[in-house]
Amino acid sequence: NAGVTQTPKFRILKIGQSMTLQCTQDMNHNYMYWYRQDPGMGLKLIYYSVGAGITDKGEVPNGYNVSRSTTEDFPLRLELAAPSQTSVYFCASSSVGYGYTFGSGTRLTVV
Amino acid sequence: KNQVEQSPQSLIILEGKNCTLQCNYTVSPFSNLRWYKQDTGRGPVSLTIMTFSENTKSNGRYTATLDADTKQSSLHITASQLSDSASYICVVSRWMDSSYKLIFGSGTRLLVRP
């Protein structure tokens, strides 16, 4: 099983550019999440989804958007990249919100 | 405020030695407590999950304890190996808005030296 797959693994963006971080899971999990991890800090929840068509904001949603058109995919969109969005982004999925499986992360640098 | 504090921030031990990592939390309402291992450049991987009624749970050489009264948890690693070098993250879960919300500690970075 592939589990949770994130692409790309690394990306450098210029200020003001846009990009989409992709996340796909093959475990038929209803719940999916996007977190960011800044150096020396705990993971912070950006957005989450409890099922296809349903999304909600987490702790730090500003500057991001998500969509959940299928159970498998949960892309994260950055519309106008800012240096403060330099971070490592993790996608995760779970069933009934209990056992989480994390992707391997996307390291994003905004310059 | 819902917080998870871990100590120490970093730790260096010799291969074969034991170590204990600490986690204190103020999260309420408490649902469960998890310990994750995060290798450099990878996502967190679950080691243990404990509910309110569980005092201890083991996963191989990893043993987690939970004292829900004092809101403290520890992760004990026995006979450390080089592959144990990683960050260990304590995560407390609370149920709200029809899903679990995870509160992450900032982790303890462990380095095991030969």
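Quick note on labels: first sequence line is chain A, next is B, and so on, each numbered from 1.
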Visitor: Are Q38(B) and F90(A) side-chain neighbours, meaning at least one heavy-atom pair lies under 4.5 Å?
Guide: yes
Visitor: Establish whether I46(A) and I103(B) are linked, either directly or via other cluster members, by ILVMFWY side-chain heavy-atom contacts under 4.5 Å.
Guide: no
Visitor: Can you tell which part of Q37(A) gets under 4.5 Å to a heavy atom of chain B, answering side chain, backbone, both or neither?
Guide: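 Contact with chain B is through the side chain of Q37(A) alone.
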Visitor: To the nearest 0.5 Å, tell me how far D38(A) CG sits from S106(B) OG.
Guide: 12.0 Å
Visitor: With the side chain counted from C-beta on, respond yes when K44(A) and F104(B) share a heavy-atom pair under 4.5 Å apart, and no when they do not.
Guide: no
Visitor: Is the NZ or CZ atom of K101(B) positioned over Y48(A)'s six-membered ring, under 6.0 angstrom from the centre and within 45° of the axis?
Guide: yes
Visitor: Cluster question for you: counting only ILVMFWY and a side-chain heavy-atom cut-off of under 4.5 Å, with indirect links fine, are V91(B) and L43(A) together?
Guide: yes
Visitor: Linking I/L/V/M/F/W/Y whenever any side-chain heavy atoms sit under 4.5 Å apart, do V45(B) and V112(B) land together?
Guide: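 Unlinked, V45(B) and V112(B) end up in two clusters.
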Visitor: For the CZ atom on R61(B), are there more than 12 heavy atoms of other groups (residues, nucleotides or ligands in this structure) within a distance under 6.0 Å?
Guide: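 Yes, CZ of R61(B) has more than 12 neighbouring heavy atoms, counting only those of other groups under 6.0 Å.
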Visitor: Kindly check if the number of other-residue, nucleotide or ligand heavy atoms within 6.0 Å of CD1 (I12(A)) is above 12?
Guide: no
Visitor: Measuring only between side-chain heavy atoms, which start at C-beta, is L102(B) closer than 4.5 Å to Y100(A)?
Guide: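 The answer is yes; the side chains approach within 4.5 Å.
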Visitor: Could you tell me which portion of L45(A) (side chain, backbone, both or neither) has an atom closer than 4.5 angstrom to a non-hydrogen atom of chain B?
Guide: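 Interface part for L45(A): side chain.
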Visitor: To the closest 0.5 Å, what do you measure between CG (D39(B)) and OG (S104(A))?
Guide: 12.0 Å
Visitor: Taking only residues two or more places apart in sequence or in another chain, which ones pass salt bridge (Lys or Arg N to Asp or Glu O under 4.0 Å) with R94(B)?
Guide: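 For R94(B), no residue satisfies salt bridge (Lys or Arg N to Asp or Glu O under 4.0 Å) once neighbours in sequence are set aside.
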